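Worksheet: one structure, shown below.
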Number of protein chains: 2
Amino acid sequence: MAIPSLDELDLLHSHICTAVGDPKRIQILYALYEQPRNVSALVEALATPQPTISRHLTVLRDRSIVVAKREGQSVIYSLSTPQIIEILDAMRQILRDSLDHKSNLLANEDSSEAITGETITV
Amino acid sequence: MAIPSLDELDLLHSHICTAVGDPKRIQILYALYEQPRNVSALVEALATPQPTISRHLTVLRDRSIVVAKREGQSVIYSLSTPQIIEILDAMRQILRDSLDHKSNLLANEDSSEAITGETITV
DNA sequence: TGGATATATTCGGATATGCGAATAAGCAAA
DNA sequence: TTTGCTTATTCGCATATCCGAATATATCCA
């Protein structure tokens, strides 16, 4: 059987997935893709309390999605690999497709109307 | 500022991510990539109670990651797009890289020894 | 060393998630 | 309709996650 078993690897795999499954962490990753930043810069950019940012960074760092480099008093965070952004973009593409699909379904179900005027644009 | 705000889109985005952030759902997706299956086939392939499988399928279906098609008494599930498997594979690649990196770190920290003999292979 | 700045961690409570067991609901054939 | 097969949903509980607030740790500089 080619289906992988529920072993530790799958758990690690899910850890990677859940790490990028939090809205604030998504924002952090896009912010770091734009440029490496220290914690304070992220706090300001995301308008989020510093402990919250640090906790999310800890999650991302534990899963090796970001790396931290101390520079004096600051700790500069950056993406371990820009690949993660490609992954997020691919997911966002799937999201866009599914939204299109859903609005088509709505249009079909409500057959008395034309295609729903409000098309969500990602 | 190019950083996206924490709006509904980010929430939807995180829904996609968290949907694939469960080990059993990862297995389900790989099983459906291999071939479309009904619930019973997934129950057998993953050796998991049927309600558990159905609940996970509901999550995946709600997020438009899988689609369901009724065929008589059965409901055949299949991937909405094989792209999701590319995404999972890309994540697994990142996981492999990070595992390599961690074992390198271990090797460096324990500088009295050579490279750790046990290299995890994904 | 002492103070200021930057980052990390802990604690407690609210919310969310996953699971097993039981049950409900949908479909087909007699 | 009744029976049997398949899938979906509900319930209760255990666990995990998130957040805000407070605190601890780390670094630099005077």
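Letters A, B, ... are given to chains in the order of the sequence lines, protein chains preceding strands, and every chain is numbered from 1. Everything numeric here is computed off the predicted structure, so don't read it as measured data.
- The phosphate of D:dC5 has neither OP1 nor OP2 within less than 4.0 Å of any side-chain N or O from B:Ser74.
- When rounded to the nearest whole Å, the span between CZ of B:Arg37 and P of D:dT6 equals 16 Å.
- B:Ile26 has its CD1 atom 15 Å from the C1' atom of C:dG18, to the nearest Å.
- Using modelled atom types, one finds a donor on one side chain and an acceptor on the other under 3.5 Å when comparing A:Ser54 with A:Gln50.
- At whole-Å resolution of the value, CZ in A:Arg61 and P in C:dT7 are 12 Å apart.
- Proximity of B:Tyr77 to the phosphate of D:dA8: a side-chain N or O atom is located under 4.0 Å from OP1 or OP2.
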Please list, one pair per line, the donor and acceptor atoms closer than 3.5 Å that link side chains of residues 67-76 of chain A to other protein atoms, with sequence neighbours excluded.
from    : atom 1 : to      : atom 2 : distance (Å)
A:Arg70 : NH1    : A:Gly72 : O      : 3.0
A:Arg70 : NH1    : A:Gln73 : O      : 3.3
A:Ser74 : OG     : A:Asn38 : ND2    : 3.3

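- Atom CG in A:Leu11 sits roughly 15 Å away from atom C1' in C:dT17 (whole-Å rounding).
- An OP1 or OP2 oxygen of D:dT6 is reached within less than 4.0 angstrom by no side-chain nitrogen or oxygen of B:Asn38.
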- Can you give one letter per nucleotide of nucleotides 18-30 of chain D, 5' to 3': B if a protein heavy atom sits under 4.0 Å from the base, S if only from the sugar-phosphate, - if neither? SBBBB----BS--
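- In this structure, A:Lys69 atom NZ and C:dA6 atom C1' are separated by 17 Å, rounded to whole Å.
- Protein atom CG of B:Leu60 is 14 Å distant from nucleotide atom P of C:dT17, rounded to whole Å.
- Residues forming a side-chain contact (heavy atoms from CB on, under 4.5 Å) with A:Thr48 (at least two apart in sequence, or on another chain): A:Lys24, A:Leu46, A:Thr52, A:Ile53.
- Atoms CD (B:Glu44) and C1' (D:dT7) sit 16 Å apart, rounded to a whole Å.
- In this structure, B:Ser40 reaches the D:dT7 phosphate: one of its side-chain N or O atoms is under 4.0 Å from OP1 or OP2.
- Whole-Å rounding puts the B:Ile53 CD1 to C:dG20 P distance at 10 Å.
- With salt bridges taken as basic N to acidic carboxylate O contacts below 4.0 Å, none links A:Asp22 and A:Arg55.
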- Task: Apply side chain to side chain donor-acceptor pair (under 3.5 Å) to A:Tyr33 and A:Asp89, showing your working.
- Result: CA-CA 12 Å; A:Tyr33 177 67; A:Asp89 283 341; over 6 Å; no
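- Salt-bridge annotation for B:Asp10 and A:Arg25: absent, with no side-chain N of the basic residue lying under 4.0 Å from a carboxylate O of the acidic one.
- Within the model, atoms CG of A:Leu11 and CD1 of A:Ile16 stand 12.0 Å from one another, a figure rounded to the nearest 0.5 Å.
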